[in-house]
Amino acid sequence: GEDVEQSLFLSVREGDSSVINCTYTDSSSTYLYWYKQEPGAGLQLLTYIFSNMDMKQDQRLTVLLNKKDKHLSLRIADTQTGDSAIYFCAEVNQAGTALIFGKGTTLSVSS
Amino acid sequence: DSGVTQTPKHLITATGQRVTLRCSPRSGDLSVYWYQQSLDQGLQFLIQYYNGEERAKGNILERFSAQQFPDLHSELNLSSLELGDSALYFCASSVSGVTDTQYFGPGTRLTVL
């Protein structure tokens with residue numbers, strides 16, 4: 001069935017780069033998304049990538065898409081303590097009716 | 001601020017009770033989505049409404065129902081509540097379909113005792 005998988009935890013030092021990885025199953029997904037959830041808050045859309053792109057850069061964020069391996073990654077440059085949050089990868093389901101989310105990667109940034 | 005509002009922020013109730021969660025979408029958005037976030041299941045899609053009509057159903061229990069009103073706000077009704085229904089319930093809205101960016105509200109935390 002449709003599934004999105006992410007590693008559960010990532011710990012980095014302030015100033016380092018963070019790379020959060022995600023694998024998905026539906027090769028027909030048109031868009032893939034990254035959302036951020038801070039403690040006690042809702043999901044905030046960080047960025048998205050269209051399936052015909054390999055890379056998208058937006059300030060400190062770089063999204064890489066490898067369609068052959070169905071692998072998506074989010075790189076955060078110069079990670080700050082304020083980046084500590086849970087990051088969710090999501091794809092559109094095959095029916096085109098809903099987003100399927102991974103379980104989320106908790107990013108912990110230490111100073 | 002995503003522009004999506006949800007009320008109440010917190011809700012504590014007992015097993016067997018019924019509650020209603022409310023969501024107002026962003027101005028101009030016609031679609032509303034409901035999601036449930038729990039520790040064991042993660043973030044699960046429940047149901048989508050578009051311009052007042054149900055458009056898609058996900059893992060929504062029969063004890064749960066939703067509707068979207070002419071002013072486009074939506075309500076999620078949860079009845080015969082069980083301990084396992086304790087979760088964060090998010091509403092999201094988008095302009096039209098699921099490939100349009102979904103903007104999430106802050107969520108309603110439901111605790112069933």
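Sequence lines set the chain letters: A, B, ... in the order given, protein chains first and strands last, and positions in each chain run from 1. Hydrogens, waters and symmetry mates play no part in the numbers below; they use all other heavy atoms, side chains included.
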For this session: Anything in residues 44-64 of chain B with a heavy-atom distance to chain A below 4.5 Å? Please list those residues in order.
Result: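 Result: F45(B), Q48(B), A56(B).
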Using non-hydrogen atoms only, which part of [X] is less than 4.5 Å away from chain B: side chain, backbone, both, or neither?
| X | answer |
| --- | --- |
| Q37(A) | side chain |
| L99(A) | both |
| A98(A) | both |

Exercise. Around L39(B), counting heavy atoms of other residues, nucleotides and ligands shown, do more than 12 lie under 6.0 Å from its CG?
Worked result: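 No - once you tally the heavy atoms of other residues, nucleotides and ligands closer than 6.0 Å, there are 12 at most.
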Exercise. Would one find more than 12 heavy atoms of other residues, nucleotides or ligands at under 6.0 Å from atom CZ of R26(B)?
Worked result: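 Yes, CZ of R26(B) has more than 12 neighbouring heavy atoms, counting only those of other groups under 6.0 Å.
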Exercise. Between Q102(B) (side chain) and Y33(B) (backbone), is there a donor-acceptor pair under 3.5 Å?
Worked result: no
Exercise. If only atom types and distance count, is the side chain of S108(A) paired as donor or acceptor with the main-chain N or O of S11(A) below 3.5 Å?
Worked result: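 Checking the backbone N and O of S11(A) against the side chain of S108(A), no donor-acceptor pair under 3.5 Å is found.
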For this session: Drop me the distance from L11(B)'s CG to T111(B)'s OG1, to the nearest 0.5 angstrom.
Result: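 Atom-to-atom, L11(B):CG and T111(B):OG1 are 8.5 Å apart.
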Problem set entry | Pair D78(A)-Q80(A), side-chain hydrogen bond (donor to acceptor under 3.5 Å, both in side chains): steps then yes or no | CA-CA 6 Å; D78(A) 187 26; Q80(A) 303 297 307; 3.0 Å; yes
Problem set entry | Distance-minimising heavy-atom pair for C89(A) and V4(A) | SG-CG1, 3.7 Å
